[in-house]
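These numbers come from a predicted model, not from an experiment.
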Amino acid sequence: MKISNPTPQRQLRAHRPERPAPRVLNSAEHHAWLARHLTDRDRWLCRMLFEHHVLTSTQIVDIAFPGRRAANLRLHNLYRWGVVHRFQPHRSLGSYPMHYVLDTAGAVALAHEDGLQIKDLGYSREREVGRAFSLQLAHTVGCNALFTTLIRAARQPEAAGKLTTWWSAARCGRHWGDIVTPDGYGRWREAGREIEWFVEFDFGTETLPRLASKLVRYERLADATGIATPVLVWVPTAAREANARRVLAEVLRGLDSPARVPVATTSGESSADPLDMTASRWLRVDDSGALGRVALAELPKLWPHSSVSPPSSGGRNLDAARPGLEPPTPMPPAVSSRLNS
């Protein structure tokens with residue numbers, strides 16, 4: 001086969017086109033242009049990045065796109081427009097997926113949508129770009145993956161459940177930080193019932209006594225709110241889970257009201273997908289062996305004599321009268337005809 005007009009090798013080695021200069025991306029003209037070109041999904045993704053700080057390309061595919069090609073094309077445009085920034089952490093063997101954070105143009109768009117100034121958001125581009133060097137990056141990405149996996153499950157055609165709330169550790173800290181700061185907070189609706197939980201994502205970097213000591217603060221939170229919310233502890237290995245369960249059980253027995261702190265554990269080795277929270281993987285800390293591991297939707301079975309979640313029609317007023325952006329809905333908006341614009 002004859003090949004016509006081959007691409008010169010020197011073009012293959014050329015640098016990729018650079019983004020426009022920051023002064024162009026941050027101009028009033030550019031922001032006005034973006035107002036016409038950002039889709040509902042783009043704006044929702046900006047809110048998710050503002051809330052959860054960093055998402056990988058794989059996670060973004062899970063939560064918002066039909067496939068990787070469509071995601072890569074759109075994310076490339078959003079990067080060129082200064083809406084998102086991207087980086088790829090170093091890896092000795094293989095490569096990590098691209099990581100995305102909110103860039104200045106995206107933050108400005110969010111502020112304008114909500115009638116705020118960008119300073120009201122507390123946004124800092126230096127801080128967001130600097131997440132590439134954060135010692136907490138792997139922890140943040142791993143914890144986020146627990147929730148993005150739930151969104152992926154809820155987006156399937158035959159999905160039985162839906163993630164209705166996902167709070168970041170930062171929002172949890174603003175709301176409950178005077179008592180305890182969970183790594184995340186979520187709500188899952190399935191079979192007419194809504195279940196809420198806190199998550200403690202343990203990467204093996206803190207001592208087990210320190211992890212278990214958090215139960216004392218969760219008891220204080222239950223006393224303050226009047227709600228016994230399950231605390232789900234994820235650890236990387238089965239061996240660490242076994243050790244963690246012993247330490248957690250010891251602290252739990254020492255509480256004034258252990259029943260007010262429902263605790264269940266899992267490890268990354270408890271199911272085929274280490275991050276699938278819906279799987280039958282959650283084991284009550286003080287379980288005698290009769291109940292075994294249950295799925296997320298079956299958590300109430302672990303504490304049959306306790307009300308471990310508010311009714312689906314009510315519950316706590318999650319973030320009323322607080323400044324800044326409201327937490328985004330975890331599920332993406334419906335696809336519109338503008339998605340490929």
Side-chain angles (χ1 to χ4, degrees), residues 47-55 101 121-124 127-128 130-131 134-148 150 163 165-188 195-236 240 244 247-248 251-252 254-258 260-266 275 277 285 308-310 315-328 330:
R47 291 182 183 273
M48 292 292 279
L49 287 172
F50 181 79
E51 174 77 16
H52 303 295
H53 303 318
V54 57
L55 295 170
V101 296
L121 300 183
Y123 172 82
S124 165
R127 181 182 63 234
E128 298 307 310
R131 295 189 191 281
S134 170
L135 297 178
Q136 294 296 315
L137 178 62
H139 182 275
T140 300
V141 170
C143 189
N144 285 351
L146 291 177
F147 290 90
T148 58
L150 285 176
L163 185 66
T165 301
W166 172 18
W167 277 20
S168 64
R171 188 174 295 272
C172 290
R174 292 193 298 271
H175 201 74
W176 298 298
D178 56 332
I179 301 176
V180 67
T181 303
D183 289 323
Y185 167 82
R187 281 183 173 180
W188 179 260
I195 299 159
E196 67 172 354
W197 71 92
F198 296 118
V199 65
E200 288 290 340
F201 186 76
D202 172 65
F203 232 18
T205 56
E206 66 178 342
T207 66
L208 292 178
R210 181 177 178 180
L211 174 66
S213 69
K214 297 178 183 179
L215 300 187
V216 176
R217 298 197 287 274
Y218 279 111
E219 183 184 36
R220 288 175 52 201
L221 181 63
D223 290 339
T225 63
I227 302 174
T229 304
V231 180
L232 304 184
V233 180
W234 186 99
V235 298
R240 185 166 176 85
V247 179
L248 290 166
V251 173
L252 198 61
L255 299 181
D256 294 333
S257 303
R260 306 205 72 172
V261 189
V263 187
T265 67
T266 190
L275 298 170
M277 295 186 74
V285 163
V308 298
S309 64
R316 65 184 73 183
N317 187 6
L318 285 182
D319 210 25
R322 287 181 175 268
L325 299 183
E326 293 294 317

Do the non-hydrogen side-chain atoms of [X] and [Y] ever get within less than 4.5 Å of each other?
X    : Y    : answer
T148 : H52  : no
V54  : L49  : no
W188 : L150 : yes
V251 : K214 : no
W166 : M48  : yes
L325 : R47  : yes
F203 : C143 : no
E200 : V231 : yes

Tell me the closest heavy-atom pair linking [X] and [Y], and the distance in Å.
X    : Y    : result
W167 : C172 : CB-SG, 4.1 Å
L248 : A212 : CD2-CA, 3.6 Å
M277 : L232 : CE-CD1, 4.0 Å
A170 : H53  : CB-NE2, 3.8 Å
R240 : P236 : CD-CD, 4.0 Å
A169 : T181 : O-CG2, 3.7 Å

Are E128 and Y123 close enough, and set up right, to give a side-chain contact (heavy atoms from CB on, under 4.5 Å), and what steps lead you there? CA-CA 8 Å; E128 298 307 310; Y123 172 82; 3.5 Å; yes

Backbone N/O of [Y] and side chain of [X]: donor-acceptor pair under 3.5 Å:
X    : Y    : answer
S134 : R131 : no
H139 : F201 : yes
N144 : L55  : no
D202 : V233 : no
T229 : W197 : no

V199 vs F147, side-chain contact (heavy atoms from CB on, under 4.5 Å): CA-CA, chis, key distance, verdict: CA-CA 10 Å; V199 65; F147 290 90; 3.8 Å; yes

I need the [X] [atom1] to [Y] [atom2] distance, nearest 0.5 Å.
X    : Y    : atom1 : atom2 : value
L275 : T266 : CG    : OG1   : 10.0 Å
R220 : T225 : CZ    : OG1   : 12.5 Å
R210 : L208 : CZ    : CG    : 12.0 Å

Can you say whether the rings of W176 and F198 are parallel (under 30°), tilted (30 to 60°) or perpendicular (over 60°)? perpendicular

Using side-chain contact (heavy atoms from CB on, under 4.5 Å) as the criterion, list what pairs up with D223, not counting sequence neighbours. E219, R260

